[in-house]
Amino acid sequence: MANITLSLPDGSQRTLPDGATGADLALDIGPGLAKVALVAIVNGVERDLAVPLPDGAAVSIVTADSDEGLYIIRHSTAHVLAQAVLDLWPGATYAIGPPIDHGFYYDFLLPEKATFNPEDLEAIDSRMREIVASDQLFERYETNTAEAMELFAGHPYKCEIIEKVSNGDATTELSGEASADVSGSLSYYRTGDGFVDLCMGPHVPSTGRLGHFALQKVAGAYWRGDESQPMLQRIYGTAWASKKDLAGHLHRLLEAEKRDHRRLAVDLDLVSWPESLGPGLAVWHPRGALVRKLIEDYSRERHEVGGYDFVFSPHIAKSILWETSGHLDFYADSMYPPMEMDGATYYPKPMNCPFHVTVFDSSQRSYRDLPLRYFELGAVYRYELSGAIHGLMRSRGFTQDDAHIFCMREQVPAELASLLDFTLSVLRAFGFEDFQAKLSTRPGGKAVGDDDLWEMATDGLRSALDTAALSYVVDEGGGAFYGPKIDVDVTDSIGRPWQLSTIQLDFNLPERFGLEYVGSDGERHQPVMIHRALMGSIERFFGVLLEHFAGALPAWLAPEQVRVLPVAAEHQEYAELVLSRLNESGFRATVDPADEPLGKRVRAGKVAKIPHVVVVGDDDVANATVGENARGTDSPERDLQLGAFLERLTEEVDTRA
RNA sequence: GCCCGAGUAGCUCAGUUGGUCAGAGCAGGCGCCUUGUAAGCGUCAGGUCGUCGGUUCGAAUCCGACCUCGGGCUCCA
């Protein structure tokens with residue numbers, strides 16, 4: 001029998017009999033690997049372990065340790081979910097079931113337009129575990145369009161996918177490596193007695209490799225995400241390589257829930273959402289308003305020294321403004337309905353830009369004036385779908401830290417570079433360290449502005465990203481028709497990304513409003529406009545900060561920085577002395593008098609996430625000291641000189657630690 | 001907007017098959033206790049059980065509509 005030679009990732013070679021599969025290779029390397037092997041990557045393409053390997057191939061074995069392995073596990077678990085549902089609901093049909101971050105989902109249409117109840121998940125889960133226990137093989141079959149249509153007759157969504165794949169346009173958006181050589185071909189998998197699913201694979205060898213999963217929730221989802229399509233029933237689940245990983249993930253979900261800003265905002269008495277206001281509208285309580293003011297003050301301070309001019313604009317304007325800006329053409333769905341007054345039609349503003357444009361246009365501008373940078377904490381109103389509203393993160397009224405920069409073409413690169421630098425500097429001050437940017441370039445269809453302008457602006461954005469050493473991805477063609485842009489995500493303390501900043505070129509509004517400046521050549525030129533927001537929405541930024549810090553805001557932002565606890569009533573006088581020293585130094589502090597036991601008051605201070613809970617008793621009165629409980633520590637620090645404590649606090653606040 | 005779920009005192013929640021089911025803890029008020037580091041004791045007050053309609057001798061509980069909140073609505077075989 002002939003042999004084949006295979007090369008492994010470490011550069012070594014192995015010789016196996018002709019016809020050997022990925023599973024054989026894994027076993028040849030070691031029985032331990034064979035047990036955990038999921039698929040093989042053959043010459044860069046993921047393959048089932050049961051597929052014979054070609055001679056000379058570069059092969060690596062994928063286990064659950066890798067992202068690829070987890071992806072396979074989730075994908076295969078989704079198949080088991082579909083198998084269970086089709087078992088339990090005769091007449092049900094299925095659509096798609098991809099792996100996603102942390103898990104998978106599968107979309108179904110049940111007979112009689114039935115829906116899943118949360119209780120159904122238990123039954124499905126049990127059936128899935130039976131399928132796992134019986135260790136059914138995932139068997140792959142190649143097929144053609146006609147056969148596939150027959151096999152999946154009665155399953156309209158599968159047939160739609162078959163047609164799409166047969167036309168060769170299904171793989172265009174799939175990530176490169178897996179789609180490279182399967183374009184246009186059809187495959188399906190068979191498990192158990194009769195379950196088949198259209199799938200390009202690969203899959204784990206058998207269902208016994210699965211099992212560390214949990215079904216999470218039921219949701220409605222439109223077929224292809226299109227509102228005009230039928231609403232399918234989606235089941236979400238999570239799946240992991242081990243019981244421990246699954247438990248870890250479920251634990252992280254609980255932790256994330258604890259830092260939900262909607263819960264923290266209410267617990268810490270910062271913000272509330274009275275029903276009488278309407279969805280997506282909040283009121284700010286004194287403590288929340290104080291924090292917000294600190295954020296806004298800092299923003300204003302930075303813009304003041306950053307070369308911005310402050311402007312203000314009204315909340316409503318006549319329709320002519322929105323006609324000129326074009327918002328009524330392309331943004332009307334997101335605008336609040338008009339108000340008729342004195343024979344004119346007014347709209348609440350969804351954006352600040354048209355107002356800032358009118359400020360620019362209020363007098364003749366010279367090249368000597370540019371760049372002009374107009375800044376406003378501008379409240380805008382947008383009609384968000386009721387189902388999209390989410391606490392402070394997505395609301396119908398919010399405040400943008402909005403600026404519009406008007407400059408000459410040749411100023412664009414330098415302006416973008418300093419702008420990105422400014423953006424990151426402000427975000428860093430709030431404790432964000434990890435950033436991820438996205439560059440969106442010229443879209444394929446209609447776009448305004450000449451080619452040179454697009455190229456210059458896009459290059460400017462790219463070099464600004466390079467200069468800032470910011471990692472970024474490029475969304476080719478993802479820009480708006482009026483200009484390219486950069487979006488900046490921050491990663492919070494538990495690894496979640498939040499899109500905050502956006503820097504967006506606009507070649508359209510200057511044109512629509514006929515903006516001009518007089519150049520050094522004495523001719524009139526059109527300025528370039530840059531929209532930018534750093535925090536995006538102040539409300540949302542506040543929510544992100546709360547989640548990032550789990551409510552424990554750094555001292556410079558904490559509504560109450562120090563709480564002084566006298567041990568007994570006789571120490572009240574000294575506590576008030578400490579309080580006045582704190583206040584004189586500009587700190588926000590209170591005294592919690594001794595009418596409850598100390599332990600209870602310490603606890604209350606901790607629960608309120610006060611950065612410093614200070615205890616004063618006999619020793620402190622005698623020695624002018626305090627006992628300090630820094631947030632996040634268990635053991636108090638006794639006999640700290642008051643002066644030293646104040647210095648420490650000053651340092652902490654000044655450095656925004 | 002659409003699908004699923006939820007809505008009981010400021011907060012967190014109990015309330016079995018419709019019949020003292022209107023309750024608890026925390027928070028709040030008032031007393032007592034005077035406390036050295038994560039919940040001292042007692043006491044009082046608080047809710048038209050989201051709203052409106054229906055079924056029933058009887059509804060927090062069953063049904064319908066509406067309101068609000070939560071999750072989801074292409075991470076594409």
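Letters A, B, ... mirror the listed sequences (proteins, then strands); counts begin at 1.
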Peer 1: Counting neighbours of CD on A:E122 that are heavy atoms of other residues, nucleotides or ligands and sit closer than 6.0 Å, is the number greater than 12?
Peer 2: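 It does not: A:E122 CD has 12 such atoms or fewer within range.
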
Peer 1: Base, sugar-phosphate, or nothing: which does A:L565 touch, judged by heavy atoms less than 4.0 Å apart?
Peer 2: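 If one applies the 4.0 Å heavy-atom cut-off, A:L565 turns out to touch nothing in the nucleic acid.
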
Peer 1: Can you find a side chain N or O atom of A:R262 that sits less than 4.0 Å from OP1 or OP2 on B:G70?
Peer 2: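 Yes, because at least one side-chain N or O of A:R262 sits under 4.0 Å from OP1 or OP2 of B:G70.
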
Peer 1: Just label B:G71 as syn or anti from its O4'-C1'-N9-C4 or O4'-C1'-N1-C2 angle, using within 90° of 0 for syn.
Peer 2: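 B:G71: anti glycosidic orientation.
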
Peer 1: What is the distance, to the nearest angstrom, from the OH atom on A:Y105 to the C1' atom on B:C3?
Peer 2: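 Rounded to whole Å, this separation is 15 Å.
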
Peer 1: Got a donor-acceptor contact below 3.5 angstrom from the A:N623 side chain to the A:T625 backbone?
Peer 2: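 Answer holds: no.
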
Peer 1: Output the rounded distance in Å from CD1 (A:I235) to C1' (B:C73).
Peer 2: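 Distance check: A:I235 CD1 to B:C73 C1' gives 15 Å.
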
Peer 1: Which protein N or O atoms sit under 3.5 Å from an N or O of nucleotides 11-14 of chain B?
Peer 2:
none

Peer 1: What's the gap between B:A27 and B:A39 when it is taken at their P atoms, as a whole Å value?
Peer 2: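 Here B:A27 and B:A39 have their P atoms 12 Å from each other.
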
Peer 1: Using a heavy-atom cut-off of 4.0 Å across all strands, would you classify A:S635 as base, sugar-phosphate, or nothing?
Peer 2: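 The answer is nothing, as A:S635 stays clear of every strand by at least 4.0 Å.
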
Peer 1: Considering every strand and a 4.0 Å limit on heavy-atom distances, what is the contact class for A:G280: base, sugar-phosphate, or nothing?
Peer 2: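 Sugar-phosphate contact only.
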
Peer 1: Output yes when at least one side-chain N/O atom of A:T115 is less than 4.0 Å from OP1 or OP2 of B:C3, else no.
Peer 2: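 For A:T115, the contact criterion (side-chain N or O under 4.0 Å from OP1 or OP2 of B:C3) is not met.
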
Peer 1: Using the C1' atom as the point on both nucleotides, what is the distance between B:C11 and B:C69, in whole Å?
Peer 2: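 Result for the C1' pair: 16 Å, nearest Å.
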
Peer 1: Salt-bridged, A:D260 to A:R262, with N to O below 4.0 Å?
Peer 2: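 Judged by the 4.0 Å cut-off on N to carboxylate O distance, A:D260 and A:R262 do form a salt bridge.
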
Peer 1: So does A:Y383 get a backbone contact from the side chain of A:R396, meaning a donor-acceptor N/O pair under 3.5 Å?
Peer 2: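 Checking the backbone N and O of A:Y383 against the side chain of A:R396, no donor-acceptor pair under 3.5 Å is found.
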
Peer 1: Ring centres under 6.0 Å, that's the criterion: do A:W89 and A:Y94 meet it?
Peer 2: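 A:W89 vs A:Y94: aromatic centres not under 6.0 Å.
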
Peer 1: Rounding to an integer number of Å, can you tell me how far A:R224 CZ sits from B:U74 P?
Peer 2: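 About 13 Å, once rounded to whole Å.
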
Peer 1: Which protein N or O atoms sit under 3.5 Å from an N or O of nucleotides 40-44 of chain B?
Peer 2:
from, atom 1, to, atom 2, distance (Å)
B:G40, N7, A:E596, OE1, 3.3

Peer 1: Would you please indicate if the ring centroids of A:H261 and A:F542 are separated by under 6.0 Å?
Peer 2: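 No, they do not, as the ring centres are separated by 6.0 Å or more.
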
Peer 1: Any luck finding a side-chain donor-acceptor pair between A:W284 and A:E539 under 3.5 Å?
Peer 2: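 There is no such pair (donor and acceptor under 3.5 Å, judged by atom type) between the side chains of A:W284 and A:E539.
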
Peer 1: Classify the side-chain pair A:Y236/A:R234 by whether it contains a donor and acceptor separated by less than 3.5 Å.
Peer 2: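 Their side chains do contain a donor-acceptor pair, which is all the 3.5 Å distance test asks for.
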
Peer 1: Using atom P in both nucleotides, what's the gap between B:G15 and B:G58 to the nearest angstrom?
Peer 2: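 The answer is 26 Å between these two P atoms.
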
Peer 1: Counting only side-chain nitrogens and oxygens, does A:H390 get under 4.0 Å of the OP1 or OP2 atom of B:G71?
Peer 2: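 The answer is yes; a side-chain N or O of A:H390 sits under 4.0 Å from OP1 or OP2.
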
Peer 1: B:G72, OP1 or OP2 - any side-chain N/O from A:Y222 closer than 4.0 Å?
Peer 2: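 It does not, given that no N or O in the side chain of A:Y222 lies less than 4.0 Å from OP1 or OP2 of B:G72.
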
Peer 1: Quick one: CZ on A:R74 to CZ on A:F104, what's the gap to the nearest 0.5 Å?
Peer 2: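 Reported to 0.5 Å precision, the distance equals 9.5 Å.
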
Peer 1: Please list, in numerical order, the residues of residues 605-613 of chain A that have a heavy atom closer than 4.0 Å to any atom of RNA chain B.
Peer 2: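 Output list: A:K606.
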
Peer 1: For A:N629 and B:G36, give me the distance from atom CG to atom P, rounded to whole Å.
Peer 2: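 So the two atoms are 14 Å apart, to the nearest Å.
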
Peer 1: Measure from the side chain of A:L598, starting at C-beta and using heavy atoms only, and say which of B:G71, B:C75, B:G36 lies closest.
Peer 2: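 Given the options B:G71, B:C75, B:G36, the side chain of A:L598 is closest to B:G36.
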
